[in-house]
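Here the structure is a predicted model, which is why all the values come from computation and not from measurement.
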Amino acid sequence: MRRLVYYVATTLDGFVAGPDGADPTGPNGFWPMQEDYIQHLVTEYPETLPAHARQALSVTAGGTRFDTVLEGRRSYEIGLAAGITDAYPHLRHLVFSRTLTEVPGPAVELVADDPVATVRELKHQDGKDIWLLGGAELAGSLYGEIDAMILKLGPLTIGDGIPLFSRKAAFDPRTWTLEDHTALKSGAVLLSYTRATS
């Protein structure tokens with residue numbers, strides 16, 4: 001069965017974005033995009049690079065981990081504000097929203113249904129793992145469905161911002177097993193966890 005994997009960049013103090021919710025890797029972002037970090041993503045997670053980055057870096061590899069990406073409305077709208085209607089045309093791309101009535105990306109699937117029910121259905125379909133891109137609201141609503149996490153831990157703190165999971169996530173302590181880790185010279189650490197079975 002396919003797994004739901006929360007693959008996300010986070011600061012040392014647990015934030016995925018600043019208080020304004022803007023793209024931390026964007027032109028005015030705070031995320032350190034060091035050469036070894038970018039090369040690691042190109043080599044290990046090429047399918048998670050947005051189309052414009054893939055083109056700029058001459059990345060053509062399809063990737064071996066994910067074939068589907070899930071995104072919340074606010075995360076999707078960051079791309080729209082930059083003129084990007086589908087950042088991941090090389091993946092099946094689902095955007096969850098109860099307020100949007102249409103999306104300009106013709107291949108992007110707009111889902112107004114319950115995210116939990118949708119993910120459970122996706123898990124039973126054939127394919128590679130499912131990438132939960134975010135944001136925090138969607139991750140909070142899917143907290144109980146996450147099978148694995150790959151945290152791209154940046155060597156920085158920001159003090160305040162949008163946390164890994166929205167405050168709407170239910171209090172439900174879970175234990176995770178560290179499966180792999182990679183420490184880069186620039187200070188970023190990639191941590192791969194799977195949910196421990198009780």
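Within the structure, the salt bridge (charged side-chain N to carboxylate O under 4.0 Å, His left out) test picks out the following pairs touching residues 36-51 (sequence neighbours left out): Glu44-Arg65.
Every residue meeting the side chain to side chain contact (heavy atoms under 4.5 Å, CB included) condition with Pro32, not counting sequence neighbours, appears here in chain and number order: Gln34, Pro155, Leu156. Every residue two or more places apart in sequence or in another chain that forms a side chain to side chain contact (heavy atoms under 4.5 Å, CB included) with Asp20 is listed here: Ala22. Considering only residues two or more places apart in sequence or on other chains, Thr99 meets the side chain to side chain contact (heavy atoms under 4.5 Å, CB included) condition with Arg73, Ser97. A search for side chain to side chain contact (heavy atoms under 4.5 Å, CB included) contacts involving Asp23 returns Thr25, Ile78, not counting sequence neighbours. Scored by the ring pair (Phe, Tyr, Trp, His ring centres under 6.0 Å) test, Tyr193 finds no partners at all (sequence neighbours excluded). Arg174 meets the salt bridge (charged side-chain N to carboxylate O under 4.0 Å, His left out) test with Asp172; sequence neighbours excluded. Tyr6 meets the ring pair (Phe, Tyr, Trp, His ring centres under 6.0 Å) test with Phe165; sequence neighbours excluded.
Grouped with Leu110 in one hydrophobic cluster are Tyr76, Leu80, Val95, Leu100, Val103, Val108, the linkage being side-chain heavy-atom contacts under 4.5 Å among Ile, Leu, Val, Met, Phe, Trp and Tyr residues. The hydrophobic cluster containing Ile84, built from Ile/Leu/Val/Met/Phe/Trp/Tyr side-chain heavy atoms closer than 4.5 Å, comprises no other residue.
Paired with Val5 under the rule side chain to side chain contact (heavy atoms under 4.5 Å, CB included), one option of Ile150, Ile146, Thr194 passes, and it is Ile150. Partner of His181 under the side chain to side chain contact (heavy atoms under 4.5 Å, CB included) criterion, chosen from Leu190, Leu191, Leu153, Leu151: Leu191.
Taking CZ of Phe30 as the start and CZ of Phe15 as the end, the distance is 9.5 Å to the nearest 0.5 Å. Taking NZ from Lys152 and OG1 from Thr11, the interatomic distance works out to 13.0 Å, rounded to the nearest 0.5 Å. Rounded to the nearest 0.5 Å, atoms CD (Glu179) and OG (Ser192) are 8.5 Å apart. To the nearest 0.5 angstrom, Thr175 atom OG1 is 11.0 Å from Arg195 atom CZ. With rounding to the nearest 0.5 Å, the separation of CZ in Arg167 from CD in Glu137 is 11.0 Å.
Checking side-chain atoms of Asp13 against main-chain N and O of Ile158 turns up a donor-acceptor pair under 3.5 Å.
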Do any side-chain atoms of residues 122-136 form donor-acceptor pairs under 3.5 angstrom with protein atoms, and if so which ones, sequence neighbours left out?
from: Lys123; atom 1: NZ; to: Glu145; atom 2: O; distance (Å): 2.8
from: Lys123; atom 1: NZ; to: Glu145; atom 2: OE1; distance (Å): 3.3
from: Lys123; atom 1: NZ; to: Asp147; atom 2: OD1; distance (Å): 3.4
from: Lys123; atom 1: NZ; to: Asp147; atom 2: OD2; distance (Å): 2.9
from: His124; atom 1: ND1; to: Arg120; atom 2: O; distance (Å): 2.9
from: Gln125; atom 1: OE1; to: Arg92; atom 2: NH1; distance (Å): 3.1
from: Lys128; atom 1: NZ; to: Gly63; atom 2: O; distance (Å): 2.9
from: Asp129; atom 1: OD1; to: Arg3; atom 2: N; distance (Å): 3.0
from: Asp129; atom 1: OD2; to: Arg3; atom 2: NE; distance (Å): 3.1
from: Asp129; atom 1: OD2; to: Arg3; atom 2: NH2; distance (Å): 2.9
from: Trp131; atom 1: NE1; to: Tyr7; atom 2: O; distance (Å): 3.0

For residues 50-62, which side-chain N or O atoms pair as donor and acceptor with protein atoms under 3.5 Å away, sequence neighbours left out?
from: Arg54; atom 1: NH1; to: Pro46; atom 2: O; distance (Å): 2.8
from: Arg54; atom 1: NH1; to: Ala61; atom 2: O; distance (Å): 3.1
from: Arg54; atom 1: NH2; to: Ala61; atom 2: O; distance (Å): 3.0

